Amino acid sequence: MGNWRRTHFSDEIKAEMDGKEIIVTGWVNSIRKLGKLVFVILRDREGMIQIVIPKQKVSEEVFDIGKSLGREDVIGVKGKVVANEKAPAGYEIIPTEIRVLNRAESPLPLDPSEKVPADIDTRLDNRFLDLRRPKIQALFKLRSEMLRSVRNTLYDEGFIEVNTPKLVASATEGGTELFPISYFEREAFLGQSPQLYKQMLMAAGLDRVFEIGPIFRAEEHNTRRHLNEAISIDCEMSFSDDGDAIATLESVVHNTLLHLNEHCKKELDVIGVDLNIQEIPFPRLEYDEVVDIVNSKGVEMEWGEDLSRAAEKALGEYMDGFYFITHWPIEIRPFYTLPNEEDPRLCKAFDLMYNDLEISSGAQRNHIYDLLIEGIKRMGLNPENFGSYLEAFKYGMPPHAGWGLGADRFMMVIGAQENIRECVLFPRDRQRLTP
RNA sequence: GCCCUGGUGGUGUAGCUCGGCCUAUCAUACAGGACUGUCACUCCUGUGACUCGGGUUCAAAUCCCGGCCAGGGCGCCA
C-alpha cells in the first residue's frame with residue numbers, strides 16, 4: 001500500500017465530511033456493475049461504506065480497476081466523501097485512486113455476505129472467512145469487552161492476575177481425563193484446571209488472585225456446550241467464605257452485563273440481542289429444594305445425585321436467568337471442598353446456573369490439612385500423589401474460597417448462542433483439531 | 001462411547017418413500033455479454049455435483065451392509 005495509511009474506519013465517515021479527502025481500506029463485500037457505473041461496498045472491521053465509480057467522474061484507470069474488482073479483494077481507496085441522498089447511508093466515496101492490495105481467489109469456500117447460509121462445520125473449516133461476517137465478528141468484540149470487564153471488576157476488588165502452568169506432571173487428581181503429552185524423557189499432561197495452583201498461592205500470601213487461561217479435558221463428549229479446550233476465568237480469595245465468593249462472582253457477572261449494555265450497543269444490535277440486566281443478588285436454591293423441584297417436574301432425582309441433563313432442563317423451566325445452587329451433598333463435590341460444619345452430609349460448594357446451563361462452580365475450600373487428607377481418601381485418591389499441594393497446607397494456609405467461570409459458556413449466555421463453538425475462534429472438540 | 005438423522009456443483013438445497021424419459025431441480029457464486037443510482041440490481045448465454053468401499057438388480061443419487069464425516073440427543077465432564 002506504499003505510503004498510504006487509513007485515515008478513517010468506515011463508521012467514522014459522516015455526511016458532514018462532504019468534500020473531505022480520505023483513505024479507507026478493506027475487503028470488497030459486494031460489487032454491482034451497471035455499465036458505466038460501478039458500486040463497490042467496502043467492508044472493514046467497523047462496518048461498510050459505498051464506493052461509487054461513475055465513468056464520467058473518475059479517471060479511465062480508476063474505472064477499469066473498479067470494473068475488475070471481485071468479491072473479497074483487498075483494496076485501498078483514496079477519494080472524496082460525497083453527501084448524496086441516493087447513497088444507502090446518505091454519503092458515499094468517489095475515488096481518485098484505487099489500489100488493489102491483494103486479489104481473492106474464486107469461488108470462495110463460503111459466502112461472507114450471507115446470501116447463502118453455510119453449515120457450522122463448513123464455517124469452522126473456513127473460519128477466517130466466516131469471521132469476516134459482521135455478526136460473527138460482533139460476538140468476538142463482545143467477548144473482548146466481557147474479558148475487559150471481568151478484569152476491571154476483579155482488579156477493582158483487589159485481585160492480582162496470575163499465570164499458572166498448563167504443563168503438569170500428575171494425572172492423579174481424579175475426575176476428568178487428561179491429555180497426555182511427551183515432556184522430554186517423561187510423560188506429562190495438559191492442565192485440567194488451575195485449582196491446585198491458585199490454592200497454593202493463597203498459602204503464598206497473595207491473598208486474592210485470578211487467572212484467565214485455557215483448561216484441557218480429554219472427555220469424548222459430543223454436545224453443544226462442551227469443548228476439549230476451554231477458557232476458564234478462575235479466582236481464589238483468602239480470609240473469605242463461600243458467601244464472599246458468591247458475592248464476587250455475582251458482581252463480576254452483573255458488572256459485565258452493565259458494561260456490555262453501555263459500551264457495546266452496536267455489537268448487541270448486530271447479533272440481535274437485547275441484554276437483560278438481571279438485578280443482584282441472584283436467587284439462591286438449596287440442593288434440597290432442587291431435588292424437590294426436579295421431581296415435581298416429573299424427572300426422577302435421588303438425594304445425593306448430581307444433576308442429570310434432564311434435571312438441568314427441568315430446573316431451567318422452573319427458573320429464569322441466573323441463579324445459584326448451594327448446600328450440595330459433599331459426596332458429589334471435589335475433595336478440596338470444605339464440609340458444612342452444621343450438617344456433615346453437606347458442603348460449602350455452589351454452582352452458578354443460567355436457565356439449564358451450569359456456567360460456574362465454586363466453594364469455600366478445605367484449608368485444614370487433616371480434613372483435606374480425609375477428603376482425598378474419601379474420593380478414592382491417594383494423598384501421596386498430592387505432595388507439593390499438601391505441603392502448602394502445613395505451614396499456614398488461610399481460610400479461602402473461589403470459583404471457576406467458563407468464559408465460553410458465559411459468552412453463550414451473553415450472545416444467546418446455542419452452540420459453544422460459535423463463541424470460540426478456533427474450537428477444539430472430539431473431531432476438530434484444525435484450523 | 002451409545003442412540004437417532006443425514007452426506008447431491010464452491011456454498012445452501014430439490015429429487016430418495018414406490019430403482020428406469022435424472023442427459024439431476026432451484027438459489028447463490030463463477031465466466032462472458034447488455035445496462036449511469038445500484039443497494040439480494042435486472043436481463044441473456046455458459047461452466048460446475050450424486051461421501052467412500054462392497055452388495056442386490058437388466059438397471060442404483062434412490063434399496064442393503066460397512067467405513068469416514070457431520071448435525072441433534074444422551075452419557076462422561078473432581
Side-chain angles (χ1 to χ4, degrees), chain A residues 29-41 48-58 63 66-68 70-72 82 84-90 92 94 104-126 129-130 170-178 192-193 195-196 215-228 230 232 306-313 328 330-337 347 349 351 358 361-363 365-366 375-376 378-381 385-386 404 406 409 418-421 429-432:
Chain A
N29 185 259
S30 60
I31 178 160
R32 285 183 278 277
K33 300 168 191 175
L34 285 76
K36 299 190 176 71
L37 183 63
V38 177
F39 295 96
V40 175
I41 308 298
M48 313 227 195
I49 187 163
Q50 175 162 287
I51 317 292
V52 60
I53 311 170
K55 186 165 187 174
Q56 291 193 326
K57 292 189 186 170
V58 301
F63 185 75
K67 242 184 15 179
S68 80
R71 295 172 36 156
E72 301 304 322
V82 179
N84 187 337
E85 283 180 8
K86 286 183 282 187
E92 57 196 356
I94 295 185
E105 286 184 27
S106 70
L108 300 160
L110 57 80
D111 174 18
S113 74
E114 300 186 314
K115 274 186 230 168
V116 181
D119 292 339
I120 187 155
D121 192 47
T122 306
R123 291 172 41 214
L124 292 175
D125 280 342
N126 302 279
L129 270 175
D130 187 47
S170 172
T172 56
E173 287 173 29
T176 191
E177 292 294 314
L178 301 189
Q192 62 184 109
S193 150
Q195 181 62 33
L196 305 188
I215 57 173
F216 303 92
R217 310 234 160 140
E219 298 292 341
E220 297 195 349
H221 33 48
N222 205 322
T223 79
R224 293 187 296 181
R225 57 194 187 284
H226 287 93
L227 291 172
N228 295 291
S232 175
D306 209 342
L307 291 174
S308 68
R309 186 63 192 137
E312 286 181 338
K313 285 178 172 169
W328 287 80
I330 186 127
E331 308 97 87
I332 54 172
R333 301 302 290 205
F335 66 82
Y336 46 78
T337 307
C347 67
D351 276 3
E358 176 194 331
S361 65
R365 317 303 190 187
N366 190 341
I376 290 173
R378 188 184 65 239
M379 303 302 283
L381 301 168
N385 293 327
F386 293 86
R409 285 193 173 183
E418 296 196 332
N419 191 329
I420 196 166
R421 281 157 260 247
D429 62 32
R430 178 71 185 86
Q431 303 294 148
R432 182 173 291 282

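It should be emphasised that the depicted structure is a prediction, and the values quoted were computed from it without experimental measurement. All chains are named by letter (A, B, ...) in the order of the sequence lines, taking the proteins before the strands, and each is independently numbered beginning at 1.
Rounded to a whole angstrom, the distance from the P atom of U45(B) to that of U5(B) is 43 Å. Between the C1' atoms of U56(B) and C63(B), the separation comes to 8 Å (whole Å). Remark: the separation of the P atoms in G7(B) and G12(B) is 13 Å, to the nearest Å.
Every residue meeting the side-chain hydrogen bond (donor to acceptor under 3.5 Å, both in side chains) condition with E219(A), not counting sequence neighbours, appears here in chain and number order: T176(A). Applying the side-chain hydrogen bond (donor to acceptor under 3.5 Å, both in side chains) criterion to S113(A), with sequence neighbours excluded, gives D111(A). Residues forming a salt bridge (charged side-chain N to carboxylate O under 4.0 Å, His left out) with D130(A) (at least two apart in sequence, or on another chain): R123(A), R127(A), R133(A). For E312(A), the salt bridge (charged side-chain N to carboxylate O under 4.0 Å, His left out) criterion is met by R309(A), not counting sequence neighbours. Looking at residues two or more places apart in sequence or on another chain, you find no side-chain hydrogen bond (donor to acceptor under 3.5 Å, both in side chains) involving S308(A). Qualifying salt bridge (charged side-chain N to carboxylate O under 4.0 Å, His left out) partners for E220(A), counting only residues two or more places apart in sequence or in other chains: R430(A). By the side-chain hydrogen bond (donor to acceptor under 3.5 Å, both in side chains) test, D125(A) pairs with R432(A), sequence neighbours left out. Legend: residues meeting side chain to side chain contact (heavy atoms under 4.5 Å, CB included) with K33(A), ordered by chain and number and at least two apart, are I31(A), V38(A). By the salt bridge (charged side-chain N to carboxylate O under 4.0 Å, His left out) test, E418(A) pairs with R224(A), sequence neighbours left out.
Side-chain atoms of T122(A) lie closest to G12(B) of the nucleotides G12(B), U38(B), U36(B). Side-chain proximity of E219(A) to the nucleotides G75(B), C77(B), G10(B) is greatest for C77(B). Ranking G12(B), C39(B), A78(B) by closeness to the P88(A) side chain, first place goes to C39(B). With G75(B), U38(B), A78(B) as the candidates, the nucleotide lying closest to the side chain of S193(A) is A78(B).
Within the 4.0 angstrom heavy-atom criterion, no nucleotide atom of any strand lies near A310(A). Looking at heavy-atom distances under 4.0 Å, N126(A) makes no contact with the nucleic acid at all. Contact annotation for S308(A): backbone-only contact, meaning every heavy-atom pair under 4.0 Å involves sugar-phosphate atoms and none involves a base.
Here C76(B) presents its P atom at 24 Å from CZ of F216(A), a figure rounded to the nearest Å. Between F39(A) atom CZ and A40(B) atom P there is a gap of 13 Å when expressed in whole angstrom units. R309(A) has its CZ atom 15 Å from the P atom of C77(B), to the nearest Å. Counting to the nearest Å, the P atom of C76(B) and the CG atom of N228(A) are 16 Å from each other.
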Can you name the atoms? Protein N/O to nucleotides 29-35 of chain B N/O, anything below 3.5 Å, with the distance.
unit_1: A29(B); atom_1: OP1; unit_2: K115(A); atom_2: NZ; d: 2.9
unit_1: C35(B); atom_1: N3; unit_2: K33(A); atom_2: O; d: 3.2
unit_1: C35(B); atom_1: N3; unit_2: G35(A); atom_2: N; d: 3.3
unit_1: C35(B); atom_1: N4; unit_2: K33(A); atom_2: O; d: 3.3
unit_1: C35(B); atom_1: N4; unit_2: G35(A); atom_2: N; d: 3.4

Under 3.5 Å, N/O pairs linking protein and nucleotides 66-70 of chain B:
unit_1: C69(B); atom_1: OP1; unit_2: Q431(A); atom_2: NE2; d: 3.4
unit_1: A70(B); atom_1: OP2; unit_2: Q431(A); atom_2: NE2; d: 3.4

Polar atoms only, N or O, under 3.5 Å: list the protein pairs with nucleotides 48-51 of chain B and their distances.
none

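Nearest-nucleotide mapping onto RNA chain B: of K55(A) and L110(A), the residue sitting toward the 5' end is L110(A). Comparing K313(A) and D306(A), the nucleotide of RNA chain B nearest to each residue sits closer to the 5' end for K313(A).
Between the N419(A) side chain and the R421(A) main chain, a donor and an acceptor come within less than 3.5 Å of each other.
With hydrogens and angles left out, the side chain of E92(A) and the base of G37(B) share a donor-acceptor pair within 3.5 Å. Judged by atom type and distance alone, H221(A) does not reach the base of C77(B) through any side-chain donor-acceptor pair under 3.5 Å.
In terms of heavy-atom proximity, H226(A) sits nearest to T223(A) at ND1-OG1, 2.7 Å.
You'll find the ring centres of F335(A) and F386(A) inside the 6.0 Å limit.
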